[in-house]
Amino acid sequence: MIVGILGCGAIANIIVNNFLARENGINIKYFYDHDIKKAENLARISDGIAVLNIDDMVDHVDLVLEAASPISVEKFALNILKKGKDIIVMSIGALMDKKLRNELIEVATEHNSRIFAPSGAIVGLDGIKAASIGNIRKVNLTTRKPPRSLGKDNNEEEVLYEGKASEAVKKFPTNINVAAALSIACNRDVDVKIIIDPSVDKNVHEVIVEGDFGQFKTRTENLPCETNPKTSMLAAFSAIKLLKSLNENFIMGT
């Protein structure tokens, strides 16, 4: 399987530097970014090809891994799927737009292509997907982030946002993909609180879910990427694991 990467920032760098060439039959070969130097850098590392036009990548791959931005999903995903190519969407906040999500699913169905959304920077999505078979009464997400990850210099704790996930992803499109992942997994607009907390040096996500199954709580403390504190290492690792699983015959989890 030949893979192209759309968006050659922090996540793409982690993936390329942690993925062995042609591992599990996966060959990460093509790279596109609006900053061609970033694409060229990753192409050198992986003995790949940097392209100036995204169509020059899409036409030669089986799957595109989007690691750019919600805007890139809106701009490129439909065309990728129309060409019968699969896509991994890292900027899952874009899929909170139900109209866009339904359109992508419709096009993928028509052209026999697939949309993958990794678990990203949070644990417990398998559990919440299973729980959603029954009635879910409550899903709360509390995210604590160090000030620098949001470009702040707070000395005291501050509640930056409190409300629904659908609004959170609009206000913080590159910072709160976990809220979108939770919402899509359980098919409801989850309650979100975002806190700037100078006492933490990690991106901390606490989730409480209650429903017919009972209750579970999770706490994820993510180390931010050194080159981009907005990005958690676990998000990139989830994409690597997904890529490796595409050609596996034994798959664990829902």
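For reference, positions follow the sequence shown, starting with 1. Fair warning: this is a prediction, and the values are worked out from it, not measured in the lab.
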Residue that, paired with N154, satisfies side-chain hydrogen bond (donor to acceptor under 3.5 Å, both in side chains) out of E156, E157, E158: E158

Quiz: residues 99-107 side-chain donor-acceptor pairs under 3.5 angstrom, not counting sequence neighbours:
| unit_1 | atom_1 | unit_2 | atom_2 | d |
| --- | --- | --- | --- | --- |
| R101 | NH1 | L95 | O | 2.5 |
| N102 | ND2 | K98 | O | 3.2 |

Give a yes or no answer on whether the side chain of H111 reaches the backbone of K82 with a donor-acceptor pair at less than 3.5 Å. yes

Between the side chains of H205 and T220, does any donor sit under 3.5 Å from an acceptor? no

Please state whether the rings of Y161 and F172 are parallel, tilted or perpendicular, taking 30° and 60° as the class boundaries. perpendicular

Apply the hydrophobic cluster definition, ILVMFWY joined by side-chain contacts under 4.5 Å directly or through others, and give me every member besides V159. I195

Check whether more than 12 heavy atoms from other residues, nucleotides or ligands sit under 6.0 Å from atom CG of N155, and answer yes or no. no

Under a plain distance cut-off of 3.5 Å, with no hydrogens placed, do S113 and D86 share a side-chain donor-acceptor pair? no

Determine yes or no for a side-chain-to-main-chain donor-acceptor pair under 3.5 angstrom, with R114 supplying the side chain and I88 the backbone. no

State whether the side chain of S46 and the backbone N or O of L42 hold a donor-acceptor pair below 3.5 Å, judged by distance alone. yes

Exercise: do E66 and S91 side chains pair donor with acceptor under 3.5 Å: yes

Any idea which heavy atoms bring V61 and V3 closest together, and the distance? CG1-C, 4.0 Å

Check this for me, if you would: do E210 and R137 make a salt bridge, where the nitrogen-to-carboxylate-oxygen distance has to be below 4.0 angstrom? no

Once you round to the nearest 0.5 Å, how far does OG of S119 lie from CG of L125? 6.0 Å

For N79 and D55, which I'm curious about, is there any donor-acceptor pair between the side chains at under 3.5 Å? yes

Using modelled atom types only, decide if a donor and an acceptor are shared between the side chain of N177 and the backbone of I92 within a distance under 3.5 Å. yes

Could you tell me whether the side chain of S183 and the main chain of D189 form a donor-acceptor pair under 3.5 Å? no

